[in-house]
Number of protein chains: 4
Amino acid sequence: MAEEKLNQPTEQAILEAAEKLFLEKGFEATSTTQIAKEVGCNQALIHYYFRTKDNLFNTIFEQKFRLFFQQLFNIEGVKSMGFEEKIRHLIISHFALLENNPQIPLLIIRELSRKPEQVALLREKLRELPEKLFAALNDDLQAEIKAGRVRPVSLIDIMIPAISMNVALFVMMPVVEQVLQMDEGQKKNLIEHRRNANVDFILHSIRA
Amino acid sequence: MAEEKLNQPTEQAILEAAEKLFLEKGFEATSTTQIAKEVGCNQALIHYYFRTKDNLFNTIFEQKFRLFFQQLFNIEGVKSMGFEEKIRHLIISHFALLENNPQIPLLIIRELSRKPEQVALLREKLRELPEKLFAALNDDLQAEIKAGRVRPVSLIDIMIPAISMNVALFVMMPVVEQVLQMDEGQKKNLIEHRRNANVDFILHSIRA
Amino acid sequence: MAEEKLNQPTEQAILEAAEKLFLEKGFEATSTTQIAKEVGCNQALIHYYFRTKDNLFNTIFEQKFRLFFQQLFNIEGVKSMGFEEKIRHLIISHFALLENNPQIPLLIIRELSRKPEQVALLREKLRELPEKLFAALNDDLQAEIKAGRVRPVSLIDIMIPAISMNVALFVMMPVVEQVLQMDEGQKKNLIEHRRNANVDFILHSIRA
Amino acid sequence: MAEEKLNQPTEQAILEAAEKLFLEKGFEATSTTQIAKEVGCNQALIHYYFRTKDNLFNTIFEQKFRLFFQQLFNIEGVKSMGFEEKIRHLIISHFALLENNPQIPLLIIRELSRKPEQVALLREKLRELPEKLFAALNDDLQAEIKAGRVRPVSLIDIMIPAISMNVALFVMMPVVEQVLQMDEGQKKNLIEHRRNANVDFILHSIRA
DNA sequence: TATGAATGAGCCTTCATTCAT
DNA sequence: AATGAATGAAGGCTCATTCAT
């Protein structure tokens with residue numbers, strides 16, 4: 001309960017090394033020996049701080065998980081916007097979140113099955129979505145449709161493409177990078193382009 | 001490289017068991033012991049046929065990989081269609097391919113980094129795309145744009161959303177299933193719905 | 001169920017080494033590495049044959065356990081004897097059993113708490129005792145008491161001292177050996193003496 | 001060696017926790033971590049006070065050992081008794097000692113082999129026996145035999161059964177408890193009964 | 001073709017111990 | 001007096017691989 005106490009530098013270093021490796025290679029492919037080597041400490045020290053590899057992973061997973069979904073549903077200052085502006089803002093926020101945490105979706109996809117407790121947490125988080133955001137947005141959407149500015153389409157059929165396009169970009173990016181031998185600049189350009197392209201695509205698609 | 005001699009039944013059984021497990025749990029989390037148990041044979045037999053676990057994995061990876069991209073770019077009988085029909089057909093073909101091989105994208109995303117040799121292969125395959133398909137399709141697209149039936153948009157900016165939406169559906173499906181506690185019927189309905197929803201979304205988005 | 005199949009020589013060697021070490025030092029103080037060294041094989045081989053240290057121990061424990069209690073209650077040809085002769089024979093049989101398996105009592109005392117399944121087995125074995133032996137013996141005892149040849153005493157109060165004296169000798173022998181710096185000959189003499197001394201003590205004690 | 005300065009309360013707490021655990025589970029199966037947890041202190045503190053686990057164990061072993069044998073041979077006020085009364089008193093004293101320290105015999109049996117230094121100590125202690133007790137008692141015994149009140153028997157052949165019966169009761173008690181599923185009351189009754197039964201048995205056995 | 005036996009390397013974990021504070 | 005941090009060694013176990021048959 002009393003979480004977020006200031007970690008010791010070593011504990012923090014372990015967390016960071018573990019985070020890096022778990023995100024990069026997944027739980028199974030990461031060994032505590034590798035983490036220790038990355039930290040530059042004895043392997044037993046990892047168990048001193050976190051007792052088990054599973055524990056260490058859970059700590060990181062939960063933290064990343066919370067961070068991700070808290071930001072995902074944290075959409076302040078949207079109320080005063082027009083509908084199109086809202087959509088644009090939400091997609092760009094989501095995109096930014098992924099840009100800052102590009103490996104989290106794959107982490108969740110990979111490892112959620114190993115963490116049934118987290119499933120419940122996610123379910124709960126997702127339940128907040130309709131009430132806080134979905135309902136309001138849906139009202140706007142229905143108004144837009146009635147006004148003839150948007151074609152008849154359900155909100156979920158807007159959100160799924162939006163989320164899919166954003167997530168897919170970052171999930172598939174490592175493959176694309178490798179295959180197209182992209183350098184950092186090219187990658188940056190691609191991301192920059194997709195940010196707006198995704199928004200445009202959605203907005204074009206829903207126009208009446 | 002591609003020796004296509006008919007496999008022995010045992011060799012085939014190993015391949016099938018390995019395929020199932022590798023797709024399900026990934027390379028690291030699958031052991032040759034598990035594969036042997038699944039086949040119902042001796043552990044050493046796997047090495048008799050494939051020498052190393054890596055070898056066995058590569059065989060499957062390459063095969064799945066070929067299958068995936070061959071079908072992806074194999075668009076017979078498209079020529080006679082109209083542009084919209086072509087797009088619809090391509091997306092639905094791609095969707096069907098994913099439906100039949102829902103785990104392949106995750107496999108590639110997960111394991112491609114471990115297989116630099118495969119990257120070259122993929123690159124080569126991708127180079128065929130523009131020549132066989134891309135160019136022809138692009139001609140159609142430019143014609144449609146000139147005719148005012150499609151808004152000005154590059155072909156790649158149509159393909160990326162299309163592929164993204166299809167891939168994201170199947171990559172994220174295991175998480176969605178778990179979180180929403182969907183049964184088989186619900187899952188089937190969702191997939192059925194998305195098949196057409198994805199097409200519609202693309203088509204709506206590109207209309208002038 | 002189909003137990004007692006002919007063991008491979010290596011498996012047998014492992015069993016023997018493990019038996020020796022487990023009896024000598026107990027479960028906790030014996031490592032699989034030590035067992036492997038004793039056998040002269042790789043440590044992993046022990047897990048190849050028995051999967052876990054616990055499994056290996058259980059195999060030995062159960063075998064020793066069964067052997068011990070089967071012989072304990074296997075008292076053939078006693079029926080035709082007179083009462084005193086019966087008592088003598090039973091004590092000497094028990095003594096011989098301990099002589100051949102001097103470390104088993106300590107093994108059971110040490111490790112039974114770690115093996116709750118075995119407790120049930122032992123309980124069952126012990127339930128056979130009264131029916132097969134105890135009842136008959138008790139009839140004899142009552143007859144002897146009525147005839148005035150034996151003082152009034154319950155059978156259990158004869159058996160407990162008998163068993164105690166026999167067991168205590170072998171359980172305490174390692175300590176006695178060490179403390180008194182006895183050589184093999186002295187030890188043998190002591191055991192030989194106690195064999196008869198124990199019988200005599202019991203017989204003297206119950207005489208009217 | 002025997003520095004008898006008053007222990008610090010913490011040191012005392014460690015000793016008590018360690019004693020409890022060592023007696024219960026033996027040296028190998030007890031970890032300094034467990035002891036620290038039992039005490040509620042830091043693990044390092046145990047080494048601060050006792051330097052090594054072995055040292056801590058030796059302290060306890062030696063203390064228990066001394067206590068056990070000092071009381072064993074400490075037979076005050078016996079001189080004025082008659083022979084039978086002496087025997088009775090000695091057995092009951094021994095029994096009481098075991099009742100208060102029921103785990104010590106098993107501790108010694110288990111761990112003496114790991115402590116060759118302690119063997120010398122025990123040997124020395126045992127050498128005091130004949131001088132202080134044995135000789136006097138033997139005189140009494142010979143007198144009794146000569147008087148025809150006791151059958152011809154050596155003192156050692158009285159003492160071994162007496163000690164054996166007492167020790168065996170407490171050494172085997174944990175097994176008996178488990179197997180017969182005895183509750184505390186039943187156990188208490190059994191012990192109470194055996195206390196006198198053991199005395200009676202010895203006395204009956206030596207009568208002429 | 002197929003298998004049982006065997007092995008070295010690595011994994012996660014626990015342990016006793018040390019050291020600086 | 002007491003503690004948190006850190007470590008080397010060892011434990012049990014699994015793994016991919018090899019080899020003789």
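Predicted model only: the values in this text are computed from it and were never measured. Order of the sequence lines fixes the chain letters, A, B, ..., with proteins taken first and strands second; residue numbering starts at 1 for each chain.
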Pairwise distance CZ(C:Phe65) to CG(C:Leu67) - rounded to 0.5 angstrom = 11.5 Å

B:His47 has its side chain closest, among F:dG12, F:dG8, F:dA16, to F:dA16

Tabulate below the donor-acceptor pairs under 3.5 Å that side-chain atoms of residues 39-51 of chain B make, not counting sequence neighbours, or state none.
unit_1	atom_1	unit_2	atom_2	d
B:Asn42	OD1	B:Ala44	N	2.6
B:Gln43	OE1	B:Thr32	OG1	3.4

Below 3.5 Å, can you tabulate the donor-acceptor pairs from side chains in residues 101-111 of chain C to any protein atom, sequence neighbours excluded?
unit_1	atom_1	unit_2	atom_2	d
C:Asn101	ND2	C:Leu97	O	3.0
C:Glu111	OE1	C:Arg114	NE	3.4
C:Glu111	OE2	C:Phe27	N	2.8

Which comes earlier along DNA chain E counting from the 5' end, the contact point of C:Asn42 or that of D:Asp54, where each point is its nearest nucleotide?
-> C:Asn42

A:Glu177: salt bridge (Lys or Arg N to Asp or Glu O under 4.0 Å) partners, not counting sequence neighbours | A:Lys187

Residues B:Asn58, B:Thr52; criterion side chain to side chain contact (heavy atoms under 4.5 Å, CB included); working and verdict = CA-CA 10 Å; B:Asn58 285 355; B:Thr52 65; over 6 Å; no

If you look at every strand shown and take non-hydrogen atoms under 4.0 Å, does B:Tyr49 touch a base, only sugar-phosphate, or nothing?
-> sugar-phosphate

5' precedence on DNA chain F between A:Gly40 and B:Lys53 (nearest-nucleotide basis) | A:Gly40

Check the pair C:Glu24 / C:Lys20 against side chain to side chain contact (heavy atoms under 4.5 Å, CB included), numbers first and verdict last.
-> CA-CA 6 Å; C:Glu24 204 171 280; C:Lys20 184 191 152 201; 3.7 Å; yes

Is the shortest distance from a Lys or Arg side-chain nitrogen in C:Glu62 or C:Arg66 to a carboxylate oxygen in the other one below 4.0 Å?
-> yes

What is the distance from CZ of C:Phe57 to C1' of F:dG11, rounded to the nearest Å?
-> 17 Å

On DNA chain E, more 5' by nearest nucleotide between B:Gln43 and D:Gln34 is B:Gln43

Rounded to the nearest Å, what distance is computed from the CD atom of residue D:Gln12 to the C1' atom of nucleotide F:dA1?
-> 16 Å

Using a heavy-atom distance cut-off of less than 4.0 Å, which residues of residues 22-32 of chain A contact DNA chain F?
-> none

Mind calculating the distance between CD1 (C:Ile46) and P (F:dG11) to the nearest angstrom?
-> 12 Å

Of all nucleotides in DNA chain E with an atom under 4.0 Å from a non-hydrogen atom of chain B, which is the first and which the last going 5' to 3'?
-> E:dT1 to E:dG4

Would you check if the side chain of A:Lys53 reaches a backbone N or O of A:Thr30 as a donor-acceptor pair within less than 3.5 Å?
-> yes

Here DNA chain E, pairs taken as Watson-Crick or G-U under 3.5 Å and shown with ( ), [ ] when crossing and | when to another strand, reads .||||||||||||||||||||

Atom CG of D:Leu45 to atom C1' of F:dA2: distance rounded to whole Å?
-> 6 Å

Begin from the C-alpha positions of C:Val119 and D:Val175 and carry the test side chain to side chain contact (heavy atoms under 4.5 Å, CB included) through to its verdict.
-> CA-CA 9 Å; C:Val119 176; D:Val175 172; over 6 Å; no

Between C:Thr33 and F:dG11, is there a side-chain N or O to OP1/OP2 distance below 4.0 Å?
-> yes

Value for CD (B:Glu19) from CD (B:Gln63), rounded to nearest 0.5 Å, stands at 6.0 Å

Evaluation steps, side chain to side chain contact (heavy atoms under 4.5 Å, CB included), between A:Glu38 and A:Gln34 = CA-CA 6 Å; A:Glu38 181 90 15; A:Gln34 280 169 53; over 6 Å; no

